[in-house]
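Both counts, for ligands and for their atoms, begin at 1 and track the order of listing. Sequential numbering from 1 along the given sequence is applied to the chain's residues.
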Amino acid sequence: MNPIQTVLPANKRQMMKLWIKHPLATFTANRQDAGNGVVIDQNTGKISELVPSGQSPKKPYDQSYDASGQVLLPGLINTHHHLYQTLTRAYPPALNKKLFPWLQTLYPIWAKLKPDMLFNATQLGLSELLMSGCTTVADHHYLFPESLTEAIDIQVSAADSVGTRVMLTRGSMSLGEKDGGLPPQSTVQNEATILEDSERLIHRYHQSQEGAKVQIALAPCSPFSVSTELMKETAKLARKHNVRLHTHLAETHDEDNFCLERFGLRPLDYLESVDWLANDVWLAHGIHFNEDEIRRMGQAGLGVCHCPTSNMLLASGVCRTKELESTGVHVGLGVDGSASNDGSNMMQEVRQALLINRLRYAADEVTHLDALYWATKGSAKVLGRQDIGELAQGKQADLALFSLDELRFSGSHDPLAALVLCGGHKAAAVMCAGEWLIKNETLLHLDQHAIMKAHQLSAQALVA
Ligand code: ZN
């Protein structure tokens, strides 16, 4: 049955107001809402009204979508990924290894990445995320071998084909094996090339206005793969153009030791020494900080992307989410690269976030609402955005609907808690900027089987 009902004849349909009506439950990001859905203005791509319980929209609407039996969420926001890694999921030589040996096993494979492989990986990873309700993705791409100097341009085009919002980070590695770094020499670039390409990409693609679909951020891979000079110059360049900064930090104890040996500083002290302790910075992982460091991060207004599955798989540790939030650090969620999660599913990540945090905090200290908040408004703050991540009048119309008509939800009583606790993982419908991208659990603009076939061929060619 098609849940769309047209109220006005086509020739009168100029306003294109769509009422998503009668949801089972709604999470606005600020509260669990008992209302009667939202009205979307498809001309502006924004939410024009939150309809109170038992009522109809105040102003006329053209169409309605019957969300009975479905839970309504803001579109989920993934704040850290390496989409190219979808090509090396569950790769036998890398299984069951800690971070550094895991990286050393995979770098020589990743060094062979070609443009068509990156396109296929980006398209498939974004589609996979979209099907889990994720409408905004930050990808950290830092591999620029000679055959792939236009990696970000390729990702912009792949993202456009899927329709999600992206924050594409121009990553970098300048310290190869011969300089004491981890990556093979063929994957690193010199600093002038990195900075020049970063500036080119900002000019070409970065949108700063409300509702931006493509944004660029600058993202040296980690303290163990770039020089001190590049960390400093990248920060200067980002601030000159008002774009954000991102890197991996405090993921493992090995990294603490590396920083102490190389710089005589703990990772956060090193970050401060290169002028990165600021509110335009977000960090992936952020696990191993002491009390004083957490206080300084809060004062600076940093963001942390919490990556529960990746941290469990690589046995990295548990992020101190509540302490970070209590000092003012913004906490969001990320699935991390598909070689250290092996899945790109944001709803599953919400459940993982709840579960891993229950290992550190009491049952009443972290709830399913906290985990949903991190995946929506928390993540939006991490990316420095005020226009997405919540259902409120005037915000971007990014949303996901999940049907509870499945065996796994049968017998549940609180729909929102059921979505997280019973393992919801597949969105029935997803909208980004007022445009439907998924309906009936199906991608509307791409052939799922065709992109999967192309992706599988790329994955085989990469490890051959
Ligand atoms: Zn990562």
### Query
Below 2.8 Å, any N, O or S contact between H80 and the Zn ion (ligand 1)?
yes
### Task
Answer yes or no as to whether an N/O/S atom of H248 is found below 2.8 Å from the Zn ion (ligand 1).
yes
#### Entry: 2.8 Å cut-off met by an N, O or S atom of H285 to the Zn ion (ligand 1)
no
### Message
For K232, is there an ion pair with E191 - N to carboxylate O distance below 4.0 angstrom?
### Response
no
### Message
I want to check a possible cation-pi pair here: R170 against F144, using under 6.0 Å from ring centre and within 45° of the ring axis as the test.
### Response
yes
### Task
Taking side chain to side chain contact (heavy atoms under 4.5 Å, CB included) as the test, write out the residues that go with N120, two or more places apart.
A454, S458
### Message
Is a donor from one side chain sitting under 3.5 angstrom from an acceptor on the other, for T28 and E390?
### Response
no
### Message
Restricting to N, O or S atoms, which atom of D336 is closest to the Zn ion (ligand 1)?
### Response
OD1
